[in-house]
Amino acid sequence: MENSKINKPKSSEELKSKPSLNFIELIIEEDLKNNKNEGRIHTRFPPEPNGYLHIGHAKSICLNFGLAQKYNGLCNLRFDDTNPVKEEVEYIDSIIEDIKWLGFDWEDRLFYASDYFDQLYEWAIKLIKNGKAYIDDQDVEAIGEQRGTPTKPGINSPYRNRSIEENLDLFKRMKNGDFADGEKILRAKIDMASPNMHLRDPAVYRIKHADHHRTGSKWCIYPMYDFAHGESDYIEKITHSICTLEFEVHRPLYDWFLDQIIEGNYRPRQIEFARLNLSYTIMSKRKLLELVEEKHVSGWDDPRLPTISGLRRRGYTPESIRNFSDRIGIAKRNNIIDVAMLEHSVREDLNKKALRRMAVLDPVKLVITNFPEDKTEYLEAVNNPEDENAGKRKVPFSKEIYIERSDFMEDPPRKFFRLSHGKEVRLRYAYIIKCENVIKNNDGEIIEIQCTYDPETKSGTGTTQRKVKGTIHYVSAKHAIKVEVRLYDRLFINENPDITEDGKDFKSNINPDSLKVIEGFVEPELKNAKPLEHFQFERQGYFCVDKDSTDNRLIFNRTVLLRDSWAKKNK
RNA sequence: UGUCCGAUGGUGUAACUGGCAACACGUCUGAUUUUGGUUCAGAAGAGUCCAGGUUCGAGCCCUGGUCGGACAACCA
């Protein structure tokens with residue numbers, strides 16, 4: 001009878017019908033099956049407002065909000081604002097803007113840990129009353145010394161066995177402002193010999209005479225993360241509290257604090273996953289701050305930064321970031337994702353959406369000698385071959401045009417499909433031209449290319465039998481708009497910017513050529529382009545209008561290059 | 001002489017309660033193409049960290065190693 005199980009193949013139908021789940025979804029589905037927490041799924045995204053959100057946060061946002069959507073649950077936005085000296089309103093605003101932009105909605109569930117300060121204070125008193133917390137008079141150093149090391153147990157504080165009454169009184173006086181910062185601290189009474197450092201009587205409440213962005217001067221004591229976080233989850237009825245791996249060691253403490261207050265069957269569960277790492281990118285908030293403050297970049301929204309606001313300004317779309325998040329998956333092992341994956345996600349999205357335009361970024365003048373002097377022809381051009389609804393436009397064409405310097409070569413290699421002496425190419429949407437002559441200046445630099453065109457080869461007439469291998473883009477000289485173009489490249493030279501020579505820090509790996517500002521010519525259709533609009537400059541890449549643009553001067557940011565198998569082959 | 005976590009192609013993620021490894025990115029061919037883009041067709045690339053064990057059968061289970069990561073803030 002056992003044999004019936006032998007060699008039973010999986011049918012491909014079976015495999016298709018079951019989309020693979022990540023380990024968190026596996027946990028959720030198990031919980032659902034057991035009707036845990038009445039079958040509710042409730043997650044939260046809990047940023048600390050001490051910096052701008054980055055692509056790593058986007059992973060977490062997509063995870064938390066995505067899980068809620070998938071399982072018909074809810075996801076709260078909760079600011080973890082328990083440390084007033086590090087947190088600022090500017091960050092709150094940017095975080096809200098970024099999550100909305102990514103396309104997620106917390107409805108009326110915008111919360112702050114500071115909303116719960118009263119309740120948290122009550123629970124702290126409960127801890128004291130139950131003999132689970134005490135006031136320590138020692139300073140940071142003394143407490144640090146007593147904590148031991150991961151391999152050496154700590155020792156008890158001399159204040160560990162104060163009476164409950166004294167603790168209660170002292171705690172109240174802490175709250176009332178009778179003590180200076182650091183003079184007293186409330187500690188959980190757990191186990192100074194625990195192999196888990198976080199269980200060695202961790203801090204619960206510390207004194208900070210600082211105004212809070214929401215509670216003003218009401219408090220001069222503030223709860224620590226470990227205490228506030230789990231209890232806030234409990235207050236909000238969160239079922240799955242998802243955070244990154246470094247909090248794994250905190251989980252026993254998360255559970256311990258919960259144990260002190262929990263009533264009934266409902267209980268939130270902390271689950272950890274591996275944070276996102278991207279090659280050639282720095283993700284640490286502290287280091288990003290450093291780049292901003294030391295002006296290595298123009299600000300938090302510098303298009304070279306992996307911040308959400310930077311990516312937005314660079315020209316990334318919310319869809320591309322969400323798709324990226326889906327693609328990279330969720331697991332517990334440390335990872336470094338190739339930025340090529342991110343770039344693929346934008347190209348994929350922008351290919352479908354971006355209107356095509358012609359732009360010459362490194363211009364050289366080309367004169368069509370047999371084209372009438374004052375004539376302008378308006379040629380019909382497709383706005384987006386991937387989207388019929390995008391329509392068409394007219395592109396001006398005249399005797400003098402600009403083409404890309406790299407589209408002409410005097411000594412072309414094999415398989416060079418562009419212009420060279422005596423060779424022909426098609427001008428996109430226009431005619432086939434033939435190079436007759438080249439004019440150089442005294443330095444040997446080409447300043448003008450002279451060509452003839454064949455009027456019989458006009459695009460779209462369908463009469464042309466002649467085939468040419470290459471098609472190049474151009475902009476009519478007298479119709480061209482001069483614009484600024486910011487060419488971005490990766491901010492760091494190293495795949496892992498943290499690997500440096502001895503004595504140097506990650507900033508020694510900054511790519512000196514991460515930004516090149518140039519002037520180029522674009523077709524007149526672009527005249528009224530608005531900030532954040534996306535375009536594909538044909539044969540070059542995707543570009544996005546920068547917010548620094550004015551009526552007189554358009555500025556484009558290069559989002560990403562087009563794939564270029566020719567360039568790759570010739571590397 | 002600690003505790004916790006992890007280990008699958010170059011990268012990342014899968015493989016449902018064990019049934020000889022799939023998908024995506026990347027790479028390389030070729031076709032199509034008025035974007036050297038897109039699209040399409042195809043290829044190469046791992047035998048799952050190591051050693052044992054259980055089993056008809058192990059990437060999945062067990063034991064022991066190895067390697068990597070996290071933890072000693074009155075930060076989150």
Provide, to the nearest angstrom, the distance between the CZ atom belonging to A:R333 and the C1' atom belonging to B:A70.
17 Å
Can you check the A:N83 CG to B:C75 C1' distance for me, whole Å?
6 Å
A:T151 side chain N/O closer than 4.0 Å to the phosphate oxygens (OP1, OP2) of B:A72?
no
P spacing across the pair B:G65 / B:U11, given as an integer number of angstrom
28 Å
Suppose you measure atom P in B:C4 against the same atom in B:A46; what distance do you get, rounded to whole Å?
36 Å
Base, sugar-phosphate alone, or nothing: which one does A:F416 contact when heavy atoms must sit under 4.0 Å apart?
base
Whether A:R426 contacts B:U35 is assessed here as follows: a side-chain N or O lying under 4.0 Å from the phosphate OP1 or OP2. Is that the case?
no
Cation-aromatic face contact A:K208/A:Y222, 6.0 Å, 45 degrees:
no
Considering only the P atoms, how many Å lie between B:A44 and B:A24, rounded to the nearest integer?
15 Å
Look at the side-chain N and O atoms of A:R147 and state whether any lies under 4.0 Å from the OP1 or OP2 oxygen of B:C74.
yes
Take A:R286 and A:E290 through the test salt bridge (Lys or Arg N to Asp or Glu O under 4.0 Å) and record every step on the way to the result.
CA-CA 6 Å; A:R286 201 207 82 226; A:E290 213 171 312; 3.5 Å; yes
Is the distance from OP1 or OP2 of B:U38 to the nearest side-chain N or O of A:R563 less than 4.0 Å?
yes
I'd like to know whether A:E380 forms a salt bridge (Lys or Arg N to Asp or Glu O under 4.0 Å) with A:R393, so could you lay out the CA-CA distance, the side-chain angles of the two residues, the decisive distance to 0.1 Å, and finally the verdict.
CA-CA 6 Å; A:E380 191 170 73; A:R393 70 185 187 284; over 6 Å; no
Minimum-distance nucleotide to A:I328 side chain [options: B:U34, B:A70, B:G12]:
B:G12
Kindly indicate whether a cation-pi arrangement holds for A:R78 with A:F111, taking the cut-offs as under 6.0 Å to the six-membered ring centre and within 45° of the axis.
no
N-O pairing of A:R147 and A:D201 below 4.0 Å
no
Between A:R206 and B:C75, is there a contact of a side-chain N or O with OP1 or OP2 at under 4.0 Å?
yes
Given the C1' atoms of B:U48 and B:C61, what is the spacing between them in whole Å?
16 Å
Using whole Å, report how far CG of A:L199 lies from P of B:A72.
13 Å
Of all the choices, B:U38, B:U11, B:U27, which nucleotide is nearest to the side chain of A:D338 once you look at every atom?
B:U11
By nearest atom, which of the nucleotides B:C75, B:U38, B:G26 is closest to the A:H344 side chain?
B:G26
In whole angstrom, give me the gap between the P atoms of B:G68 and B:C62.
24 Å
Sequence neighbours excluded, which residues qualify as salt bridge (Lys or Arg N to Asp or Glu O under 4.0 Å) partners of A:D139?
none
Against the side chain of A:N22, the closest entry in B:A14, B:A76, B:G37 is B:A14
From CG of A:D226 over to P of B:A73, roughly how many Å is that when rounded to an integer?
13 Å
For RNA chain B, stems built from three or more consecutive Watson-Crick or G-U wobble pairs below 3.5 Å
B:2-7 with B:66-71, B:10-13 with B:22-25, B:27-31 with B:39-43, B:49-53 with B:61-65
For a quick check, tell me whether the side chain of A:R418 and the base of B:G36 share a donor-acceptor pair closer than 3.5 Å.
yes
Among the candidates B:G36, B:U35, B:C71, find the nucleotide nearest to the side-chain atoms of A:H198.
B:C71
Contact class for A:T149 vs. all strands (heavy atom < 4.0 Å): base, sugar-phosphate, or nothing?
base
As a test of the definition: with a 90° window around 0 for syn, would you call B:G47 syn or anti?
syn
On the side chain of A:Q540, is there an atom forming a donor-acceptor pair with the base of B:U35 - under 3.5 Å, no angle test?
no
Provide, to the nearest angstrom, the distance between the CG atom belonging to A:L361 and the C1' atom belonging to B:U35.
14 Å
Are any of A:K208's side-chain N or O atoms less than 4.0 Å away from OP1 or OP2 of B:C75?
yes
Under 4.0 Å between a side-chain N or O of A:K569 and OP1 or OP2 of B:G36?
no
Please determine, for the side chain of A:E48, which listed nucleotide (B:A76, B:U35, B:C4) has the closest atom?
B:A76
Looking at residues at least two apart in the chain, or sitting in another chain, which of them share a side-chain hydrogen bond (donor to acceptor under 3.5 Å, both in side chains) with A:R357?
A:N383
Please give the distance between the C1' atoms of B:G30 and B:C67 as a whole number of Å.
42 Å
Starting at atom CG of A:L561, determine the distance to atom P of B:U38, rounded to an integer number of angstrom.
12 Å
Does A:K332 qualify as a cation-pi partner of A:F273, given the criterion of NZ or CZ under 6.0 Å from the six-membered ring centre and within 45 degrees of its axis?
no
Which nucleotide in the list B:C74, B:U35, B:C28 gets nearest to the side chain of A:L562?
B:U35
In whole angstrom, give me the gap between the P atoms of B:G42 and B:G59.
29 Å
B:U27, B:A76, B:A73: which one has an atom nearest the side-chain heavy atoms of A:K86?
B:A73
Stacking between B:A76 and A:Y225, yes or no? Criterion: centroid separation under 5.5 angstrom, plane angle under 30 degrees.
no
OP1 or OP2 of B:C23 less than 4.0 angstrom from a side-chain nitrogen or oxygen of A:S20, does that happen here?
no
Identify whether any heavy atom of A:F247 sits under 4.0 Å from a base atom; if not, whether one sits that close to sugar-phosphate; answer base, sugar-phosphate or nothing.
base
Pick base, sugar-phosphate or nothing for A:Q536, based on heavy-atom distances below 4.0 Å to the nucleic acid.
base
Closest to the side chain of A:M197, out of B:G36, B:A24, B:C71, is B:C71
Does A:E386 contact B:G37 through a side-chain donor or acceptor facing the base, at a distance under 3.5 Å?
yes
From B:C28, B:G37, B:G36, pick the nucleotide closest to the side chain of A:D564?
B:G36
Using the C1' atom in both, what is the distance from B:U38 to B:A76, to the nearest Å?
45 Å
